[in-house]
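All ligand and atom numbering here is 1-based and tracks the order in the structure. Just so it is clear, the structure is predicted and the values come from calculations on it, not from any experiment. Numbers here simply count residues along the sequence, with the first being 1. Just so you know, these numbers use all the heavy atoms, side chains as well, and skip hydrogens, waters and symmetry mates.
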Amino acid sequence: MPQNQTPLATADSSQQWQQWDQQHVWHPYASAINPPVLFPVVGAEGVELELSDGRKLIDGMSSWWSAIHGYRNPALDKAAQAQLQHMSHVMFGGLSHEPAATLCKRLVDLTPAALSRVFISDSGSVAVEVAIKMAIQYWHAKGQPQKSKLLALRNGYHGDTFGAMATCDPVTGMHHLFSDVLPEHVFAPAPISPPGQTPAQEELDQLGEMIRQNKDTLAAVILEPIVQGAGGMRFYSADYLIAIRQFCDDYGVLLIHDEIATGFGRTGKLFACEHAGISPDIMCVGKALTGGYLSLAATLCSEDVAQGICEGEAGVFMHGPTFMGNPLACSIANASLELLLSQDWQANIARIESQLIEGLSPARDIPGVADVRCFGAIGVIELEQAVDMSIIQPRFVEQGIWIRPFGKLVYTMPPYIISEQQLQTLCHKMVSVIQDYLS
Ligand SMILES: *Cc1c(COP(=O)(O)O)cnc(C)c1O
């Protein structure tokens, strides 16, 4: 070793790297000085996470909606290995490759007919940034640069970067911390009526009125179709989507659907907008795109949006991430789509939904539980009070399941490959841990 060079640290025990973790690592939405309880994971296979002490946990989270085919899936592993024989990454400026072109063609084929152009990016938040920039550039090119605001829904979540964060619920997104730098957008009340129910006419009229009043400054409406994820785990009627599509058309406002959580079958349709039979002008996908293997996202738009942008002052779309179109991620995404569409995934999601409804319903009778709701392969138990994570998280682990609540919400969106037996165990243990916790 050359002199004066710091030796690279190598952990000689699990305790040692966990100590480094406590000292140096920042975890998501976590304190650095009062670090959260963490469980050391050494592997994952199928629906199970393996901890360093050998315990195996049934995964109820799909690693935040993404690992739909489970872990170490043979088809996805094979796709990754095959792509490694060619290249793991090359720049996307001036170069192109088959994995990206195939993926974009497939996304265009699978999403509503109006969407024809795809911009690939590295993460969901960036896909949302791209969608917002597309909408702003579009109106700029149309000679209406004042149309630069967004209308978003309360309880919405669209990511953590500045542009995306500004469209998240102002309260749960803690907007006041960033008020000097966040653009101010317009927020409509969260939809009230659940799927299958017709919203009150006044509620829809109120939404329409907000869009009409702000039409001169609105570039787009942005929303998560049918399922509001991290901002509250709420499900709402497709009638809102149909109404908002109409308002956007009537008042000249683009419509952005953020399908980052809902995409690829989670709600029982390949994309949640299909519940309403409508198409957005711009759509974001991410999370399950690679079956949870690598970070990858995409923003799709209509030919009209693409043309508008490219006829404007810049003549190009002003974005280009270093790792854009990563071939390894694209290859795995292609394999994930093949795997998903090669099976009767609709029947499987319906199976998961009915098992969740049955398995979680006993929680309704527990004092302290406010609501139990399921939609597609998503099950939610909402408590009256926010849970104490330091107490409840270890209890789930002791029971052999991986559930990561936030606030009042204890929820699951398991990998699609979860067996009936595993799902039964998962539901039963979720309910029993909550029962113990609340008693
Ligand atoms: C997770 C999520 C995002 C952000 O995606 P990241 O990959 O975490 O940046 C955006 N929108 C929705 C609806 C999400 O669920």
Student: Can you pull the residues with any heavy atom under 4.0 Å from ligand 1?
Tutor: Ser123, Gly124, Ser125, Tyr157, His158, Gly159, Glu224, Asp258, Ile260, Ala261, Lys287
Student: Does Lys408 come within less than 4.0 Å of Glu384, counting only side-chain N to carboxylate O?
Tutor: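 Salt bridge absent between Lys408 and Glu384.
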Student: Hey, is Arg72 close enough to Glu45 for a salt bridge, meaning N to O under 4.0 Å?
Tutor: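 Between Glu45 and Arg72 there is a salt bridge, with a charged N closer than 4.0 Å to a carboxylate O.
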Student: Start with the C-alpha gap between Ser342 and Glu338, add the side-chain angles, then the distance that decides, and say whether side-chain hydrogen bond (donor to acceptor under 3.5 Å, both in side chains) holds.
Tutor: CA-CA 6 Å; Ser342 68; Glu338 279 162 28; over 6 Å; no
Student: Between Arg351 and Glu420, does at least one N-O distance fall below 4.0 Å, as a salt bridge requires?
Tutor: no
Student: side-chain hydrogen bond (donor to acceptor under 3.5 Å, both in side chains), that's the test. Do Asn214 and Tyr251 meet it? Break it down for me.
Tutor: CA-CA 9 Å; Asn214 292 284; Tyr251 303 128; over 6 Å; no
Student: Could you check whether Asp281 pairs with Arg245 (Lys NZ or Arg NE/NH1/NH2 to Asp/Glu carboxylate O, under 4.0 Å)?
Tutor: yes
